[in-house]
Protein chains: 2
Amino acid sequence: MNIFGRVMQRQIKMIKALGDETRLRILKLLLKRELCVCELEAALSLPQSRVSRHLTVLRSLGLVEDRREGTWIFYSLFKPQNDFEKSVIQMIRNSLSDSELVNQDEKRLKRKLSQVYVYKCK
Amino acid sequence: MNIFGRVMQRQIKMIKALGDETRLRILKLLLKRELCVCELEAALSLPQSRVSRHLTVLRSLGLVEDRREGTWIFYSLFKPQNDFEKSVIQMIRNSLSDSELVNQDEKRLKRKLSQVYVYKCK
DNA sequence: TTCATATATTCGAATATACGGATATAATAT
DNA sequence: ATATTATATCCGTATATTCGAATATATGAA
């Protein structure tokens with residue numbers, strides 16, 4: 001497979017990764033700010049292994065970046081480098097707007113973020 | 001599931017449908033013009049049942065529209081009605097650019113279209 | 001009616017994906 | 001060293017998706 005083939009397969013895998021409810025909810029939360037796994041876990045109200053597994057998929061495709069800070073690992077949305085990647089961001093932005101589920105995610109996230117928990121390494 | 005849930009599931013299904021090589025190749029061909037199944041079949045160089053099956057998926061999600069003309073059925077790209085659907089079109093446009101496979105699809109399509117075959121119903 | 005062409009659907013098999021619970025790893029604090 | 005917290009990975013199961021070949025349907029022509 002040539003260079004074009006590889007680019008192609010990568011783009012298709014990226015789109016495929018977007019076509020999953022859990023991953024799309026994660027990406028929508030990351031539009032606003034970077035978040036660690038336990039914050040995402042609280043926002044989504046899903047088991048940790050499930051959140052972590054989806055983050056691994058997103059990371060392997062370059063859709064999120066990770067940054068360690070002590071025991072926390074913070075995930076953030078990737079920075080688009082070309083037109084295709086820009087359209088990926090646009091799709092994330094425009095999808096699930098007015099979705100009750102996404103609203104609840106944000107509500108749960110706010111609750112979690114408002115907890116008094118001090119970041120160890122700051 | 002409420003109305004938002006249904007919209008959500010529909011959008012996710014649409015994205016999932018984009019995440020398949022065959023369907024993306026079909027949609028890219030339809031960006032330029034409407035095409036019947038046998039033209040798509042020639043362009044993609046894939047068995048008829050496979051092309052037809054993917055068209056059925058795309059039609060069920062409203063990503064393509066169909067129009068009968070005698071024994072031919074012509075498929076065309078859907079018209080976006082909102083921001084999400086516009087971002088779907090953008091993603092189709094921006095994906096697989098400079099892809100060798102898509103170039104070959106267009107070459108095979110040209111060859112097919114240049115064949116002297118008269119449309120029965122025109 | 002019969003035939004030919006275009007398209008759709010069915011079938012079983014192969015592969016891929018998503019899941020929760022359990023376990024493993026990694027960093028830090030005591 | 002041990003305990004604690006955060007995160008990642010493994011495992012078996014369940015479900016979903018894709019495929020080609022074969023068959024069914026639908027239209028129009030002879």
Side-chain angles (χ1 to χ4, degrees), chain A residues 9 12-27 30 34-61 63-76 112-113 115-122, chain B residues 9 12-26 29-30 34-61 63-76 112-113 115-122:
Chain A
Q9 290 307 326
I12 289 172
K13 281 181 184 172
M14 287 176 81
I15 298 173
K16 196 172 291 192
L18 298 181
D20 173 271
E21 180 178 293
T22 306
R23 286 192 291 264
L24 206 46
R25 285 165 71 194
I26 290 173
L27 292 169
L30 294 180
E34 67 170 8
L35 293 168
C36 69
V37 182
C38 68
E39 288 163 346
L40 285 167
E41 191 185 332
L44 300 168
S45 186
L46 289 176
Q48 181 265 331
S49 72
R50 182 162 162 190
V51 176
S52 183
R53 185 158 18 83
H54 284 295
L55 285 168
T56 301
V57 172
L58 293 173
R59 177 160 33 83
S60 77
L61 295 171
L63 286 168
V64 299
E65 291 165 12
D66 62 326
R67 170 178 81 81
R68 178 179 281 277
E69 194 167 308
T71 54
W72 282 273
I73 297 184
F74 286 89
Y75 282 90
S76 56
K112 174 73 174 176
L113 290 177
Q115 284 174 12
V116 187
Y117 68 101
V118 182
Y119 284 14
K120 294 178 186 177
C121 300
K122 270 187 179 168
Chain B
Q9 290 307 327
I12 290 172
K13 281 182 184 171
M14 287 176 80
I15 298 173
K16 196 173 292 191
L18 298 181
D20 174 271
E21 181 179 293
T22 307
R23 286 192 291 263
L24 206 47
R25 285 165 72 194
I26 290 173
L29 288 165
L30 294 180
E34 68 170 7
L35 293 168
C36 69
V37 181
C38 68
E39 287 163 346
L40 286 166
E41 191 185 331
L44 300 167
S45 186
L46 289 176
Q48 181 265 329
S49 72
R50 182 162 162 189
V51 176
S52 181
R53 186 159 16 85
H54 285 295
L55 284 168
T56 300
V57 172
L58 293 173
R59 177 160 31 84
S60 77
L61 295 171
L63 286 168
V64 299
E65 291 165 13
D66 62 327
R67 170 178 81 80
R68 180 178 281 276
E69 195 167 308
T71 54
W72 281 273
I73 297 184
F74 286 90
Y75 283 88
S76 55
K112 174 72 175 178
L113 290 176
Q115 283 174 13
V116 187
Y117 67 102
V118 182
Y119 284 15
K120 293 178 187 175
C121 300
K122 272 187 179 168

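Keep in mind that what you see is a predicted model, and the values were worked out from it rather than measured. Every chain is numbered from 1 and lettered A, B, ... according to where its sequence line falls, protein lines coming before strand lines.
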Rounded to whole Å, please give me the gap between [atom1] in [X] and [atom2] in [N].
{"X": "B/Lys16", "N": "D/dT15", "atom1": "NZ", "atom2": "C1'", "answer": "11 Å"}
{"X": "B/Phe74", "N": "C/dT7", "atom1": "CZ", "atom2": "C1'", "answer": "13 Å"}
{"X": "B/Ile73", "N": "D/dG28", "atom1": "CD1", "atom2": "P", "answer": "11 Å"}
{"X": "A/Glu41", "N": "D/dT5", "atom1": "CD", "atom2": "C1'", "answer": "12 Å"}
{"X": "B/Leu40", "N": "C/dA8", "atom1": "CG", "atom2": "P", "answer": "10 Å"}
{"X": "B/Leu46", "N": "C/dA8", "atom1": "CG", "atom2": "P", "answer": "15 Å"}
{"X": "B/Leu58", "N": "C/dA8", "atom1": "CG", "atom2": "C1'", "answer": "15 Å"}
{"X": "A/Ile12", "N": "C/dT17", "atom1": "CD1", "atom2": "P", "answer": "13 Å"}

Sorted by position of nearest nucleotide on DNA chain C, 5' first, the leading residue of A/Arg68 and A/Arg23 is A/Arg23
Side chain of [X]: nearest nucleotide among [options]?
{"X": "B/Pro47", "options": "D/dG20, D/dA8, D/dC19", "value": "D/dG20"}
{"X": "A/Ser49", "options": "C/dA22, D/dC19, C/dA8", "value": "C/dA22"}
{"X": "B/Arg50", "options": "C/dA8, D/dG20, D/dT7", "value": "D/dG20"}
{"X": "B/Arg53", "options": "D/dT7, D/dC19, C/dA18", "value": "D/dC19"}
{"X": "B/Cys38", "options": "D/dT7, C/dC19, C/dT7", "value": "C/dT7"}
{"X": "B/Ser52", "options": "D/dT18, D/dA8, C/dA8", "value": "C/dA8"}
{"X": "A/Trp72", "options": "C/dA8, D/dA6, D/dA8", "value": "D/dA6"}
{"X": "A/Thr71", "options": "D/dT7, D/dA6, C/dA8", "value": "D/dA6"}

Check: B/Arg50 side chain, B/Ser52 main-chain N or O, donor-acceptor pair, under 3.5 Å
no
Practice problem: Please check if the side chain of A/Arg53 supplies one atom and the backbone of A/Leu55 the other of a donor-acceptor pair under 3.5 Å. | Solution: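 No, A/Arg53 side chain to A/Leu55 backbone: no donor-acceptor pair under 3.5 Å.
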Establish, with yes or no, whether the OP1 or OP2 oxygen of [N] is under 4.0 angstrom from a side-chain nitrogen or oxygen of [X].
{"X": "A/His54", "N": "C/dC19", "result": "yes"}
{"X": "A/Thr22", "N": "C/dA18", "result": "no"}
{"X": "B/Tyr75", "N": "C/dA8", "result": "yes"}

Side-chain-base donor-acceptor pair under 3.5 Å for A/Gln48 and D/dA6
no
ask   = With the threshold set at 4.0 Å, does a side-chain nitrogen-carboxylate oxygen contact exist between A/Glu65 and A/Arg67?
value = no
- Message: One pair to check against side chain to side chain contact (heavy atoms under 4.5 Å, CB included): B/Leu30 and B/Leu58. What are the steps and the verdict?
- Response: CA-CA 12 Å; B/Leu30 294 180; B/Leu58 293 173; 5.8 Å; no
Quiz item: Should B/Leu46 and B/His54 count as side-chain neighbours, where that means a heavy-atom distance under 4.5 Å?
Solution: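 A side-chain contact is absent here, since even the closest heavy-atom pair is not under 4.5 Å.
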Inset, instruction - Start with the C-alpha gap between A/Arg59 and A/Tyr75, add the side-chain angles, then the distance that decides, and say whether side chain to side chain contact (heavy atoms under 4.5 Å, CB included) holds. - result: CA-CA 9 Å; A/Arg59 177 160 33 83; A/Tyr75 282 90; 3.4 Å; yes
